[in-house]
There are 2 protein chains.
Amino acid sequence: MVLPVKPASAHHVFRALSDPTRRAIFEELTRQGEQTVHALTSFAGVSQPAVSKHLTVLKRAKLVRHRRAGRETHYRAQPDALAPMVDWLRHYGVFWRDRFDKLEALLERME
Amino acid sequence: MVLPVKPASAHHVFRALSDPTRRAIFEELTRQGEQTVHALTSFAGVSQPAVSKHLTVLKRAKLVRHRRAGRETHYRAQPDALAPMVDWLRHYGVFWRDRFDKLEALLERME
DNA sequence: ACAAACCATAACCACACGGTTATGGTTTTG
DNA sequence: CAAAACCATAACCGTGTGGTTATGGTTTGT
């Protein structure tokens, strides 16, 4: 088995990423790594409870994991959880560009 | 220029695909090809106006195109419009699996 | 020990959203 | 030409959603 955890449903992932604030939080977590709720709050520009609720939705989609450390909770992104969305997209032959890019890069490295 | 039309915003695409009924309609259009609103209505299991509204949302995201033919309107999927979502996903190193698959296939064909 | 910091949950609110029925315009059919 | 089919839009409605403030529980700092 490759996946460490069973993925959430595709619906949860699509739903979680449909909101701009949640996408911003997820992007921030992947860029800057682990963050406390406090840090995410000052980043997101909404109240702390709003951030907590967004994190709950992202958690349900397994897009984030959390780690309690004393009074603060650290969240980090879990990009593997994007798999259901990627699998859904794979049906639409939408990655041919990626294939060309990879092949090109490979050939270049083979010289 | 490769793209025939300027893509809609990533937000519109994410938003449009967050609803299960709209995803089902989009999937149906890619599987079965062009469809009239009438056909899509009997497929979707909701009323005809509901389908029309869903198609409007998909249209805003440029995920479907329509063609008037007499009294009926034919809709067809436009998978190219998934590009903004794919581009967004590309930032998260989520296509490893695809890379491995491609490399594997290539090596196999090289023998 | 007490105050402050951090976070989650509850309670509430405005509004966006997905559904419905009603209506009307255009086009085909009888 | 009248009737029916097809579709889009309007009007409406219940509920979900994203935001807020209020509250309380832990944990840290003084």
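Note: hydrogens, waters and symmetry copies are ignored here, and every other heavy atom, side chains too, is used. Reminder, nothing fancy here: chain letters follow the sequence lines and each chain counts from 1. Computed from a prediction, not measured in an experiment: that's the story for all the values here.
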| said: Base contacts versus sugar-phosphate-only contacts with protein, heavy atoms under 4.0 Å: please encode nucleotides 7-13 of chain C as B, S and - from 5' to 3'. | reply: BBB----

| request: Using heavy atoms and a sub-4.0 Å distance, could you list which residues of residues 9-27 of chain B are near DNA chain D? By number, please. | output: none

| query | Is it true that the NZ or CZ of A/R23 lies under 6.0 Å from the centre of B/F14's six-membered ring and within 45 degrees of the ring axis? | reply | yes

| field | Qualifying residue for side-chain contact (heavy atoms from CB on, under 4.5 Å) with B/L29, from B/L40, B/L63, B/L58 | value | B/L40

| query | Is any side-chain heavy atom of B/T36 closer than 4.5 Å to a side-chain heavy atom of B/T73? | reply | no

| remark: Nearest heavy-atom approach of A/E34 to A/R67 is OE1-NH2, 2.6 Å

| Which heavy atom of B/V13 sits nearest a heavy atom of B/A81, and at what distance? | CG2-O, 3.7 Å

| remark: A/S47 and A/T41 have their tightest heavy-atom pair at C-CG2, 4.0 Å

| remark: Rounded to whole Å, CZ of B/R67 lies from P of D/dC6 at a distance of 16 Å

| Looking at side-chain heavy atoms only, is the closest gap between A/L82 and A/F26 below 4.5 Å? | yes

| task | Flag the pair A/R15 / A/R22 as yes when at least one side-chain heavy-atom distance between them is below 4.5 Å, and no otherwise. | result | yes

| message | Taking 4.0 Å as the cut-off, does a side-chain nitrogen or oxygen of A/S47 come that near to OP1 or OP2 on D/dG19? | response | no

